[in-house]
Amino acid sequence: MQGRNFKILFIGDVVGRPGRNALKRSLNDIKSRENILFTIANCENASGGFGITYSAVDEIFSAGVDFITLGNHTWDKKETENFIGEVKNLIRPANFSPLSPGNSFSILEKDGILLGVVSLIGRVFMRKKTNNIIIDFHAEATSEKKALAYYFDGKVSAVFGTHTHVQTADECILRNGTAYITDVGMTGPYDSIIGNNIEDVLIRFLKGIPRRLEVANKDIRIAYVILTIDAKTGKAVEIKRYIEKIEGV
Ligand code: FE2
């Protein structure tokens, strides 16, 4: 184990069926090409653009994802509160109410390496078990994301921002060894307004009519980062970001 590096694949906001199809189409290739040990995906928009159903959870784990993280749309599907507590490695934000159902963090072991994943803030109980910790910080404001990353610098392996659906070009490793990117970006339809049908969103903005938003379906891409971690220290060794077009979905 000493001095051994391992790689994490972190996929940005998976939107609707196009996003789920992108996972099914590309995960095996990326994982074998990059020799990935753990895969994490933010999937709070995975079902119809808002929330996540049990069948989508099942589909995403079957596609090869190890941890699913959520965000502000966690409860958008009524059924979610009934199953969320039963599904290991399905992680809702830690700073919801303490009475909220569901896991706020999860730890998984593979090849003798333990990885902990937290959604939003909080690293409760985890540093005693492993130094390898990923935080998905699901937030809008760049300054808030960067501030949280510096707050955790040297204490976790990475702080990855999600939620804005636009990948930022600021990936880096901070001074004490925590990798950071403000936003990993979106996995879903790019001929859209952050995943939604353009006409629906324009009507909302122009006329102020609260139209129900549908997921768009053209120009499907997957957005992700690959992080290499030193298994002994939990510190980041390398971070790379990608957006790839998915053909034929
Ligand atoms: Fe979000």
Side-chain angles (χ1 to χ4, degrees), residues 10-20 22-23 39-54 56-57 59-60 65 67-81 84 87 89-97 100-106 117-122 134-149 158-168 170-171 180-190 192-198 200-201 204-205 210-217 220-225 241 243:
F10 186 102
I11 299 154
D13 295 56
V14 174
V15 176
R17 186 187 302 272
R20 302 198 311 270
L23 294 182
T39 301
I40 306 161
N42 183 291
C43 296
E44 65 138 15
N45 303 118
S47 296
F50 300 93
I52 190 163
T53 61
Y54 187 79
V57 167
E59 198 180 324
I60 291 161
V65 169
F67 297 92
I68 294 175
T69 54
L70 298 169
N72 51 306
H73 293 294
T74 297
W75 310 119
D76 284 13
K77 294 284 184 279
K78 186 81 185 79
E79 65 174 89
T80 307
E81 64 190 71
I84 194 168
V87 185
N89 302 327
L90 174 61
I91 308 161
R92 53 105 174 137
N95 50 348
F96 280 175
S97 160
S100 295
N103 304 304
S104 57
F105 67 92
S106 182
V117 177
V118 182
S119 176
L120 248 172
I121 52 171
I134 308 294
I135 295 181
D136 173 349
F137 191 22
H138 197 80
E140 182 78 35
T142 304
S143 59
E144 190 183 6
K145 290 178 176 178
K146 191 116 200 195
L148 189 93
V159 174
F160 294 143
T162 57
H163 178 65
T164 70
H165 294 201
V166 178
Q167 188 177 82
T168 54
D170 61 341
E171 77 279 13
Y180 173 73
I181 185 168
T182 299
D183 209 290
V184 179
M186 178 183 75
T187 299
Y190 274 65
S192 72
I193 296 170
I194 63 169
N196 296 308
N197 185 336
I198 295 161
D200 295 340
V201 177
R204 273 194 172 197
F205 277 118
R211 177 163 292 214
R212 188 165 175 272
L213 301 178
E214 299 286 339
V215 175
N217 56 19
I220 313 303
R221 302 183 198 194
I222 181 169
Y224 59 97
V225 296
R241 66 186 161 85
I243 298 181

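Read the numbers this way: they start at 1 and go in the same order the structure lists the ligands and their atoms.
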- Message: Test of geometry: compute the angle NE2(H138)-the Fe ion (ligand 1)-ND1(H163) and round it to 10°.
- Response: 90°
- Presence of N, O or S from N72 under 2.8 Å of the Fe ion (ligand 1): yes
- Item | Heavy-atom side-chain proximity of N103 to R92 below 4.5 angstrom | no
- Is the shortest distance from a Lys or Arg side-chain nitrogen in D183 or K145 to a carboxylate oxygen in the other one below 4.0 Å? yes
- Query: E44: which N/O/S atom is nearest the Fe ion (ligand 1)?
  - Reply: OE2
- R17 side chain near V215 side chain, heavy-atom distance below 4.5 Å: no
- Task: Please test H138 against N42 for side chain to side chain contact (heavy atoms under 4.5 Å, CB included), starting from the C-alpha separation and ending with a verdict.
- Result: CA-CA 9 Å; H138 197 80; N42 183 291; 3.3 Å; yes
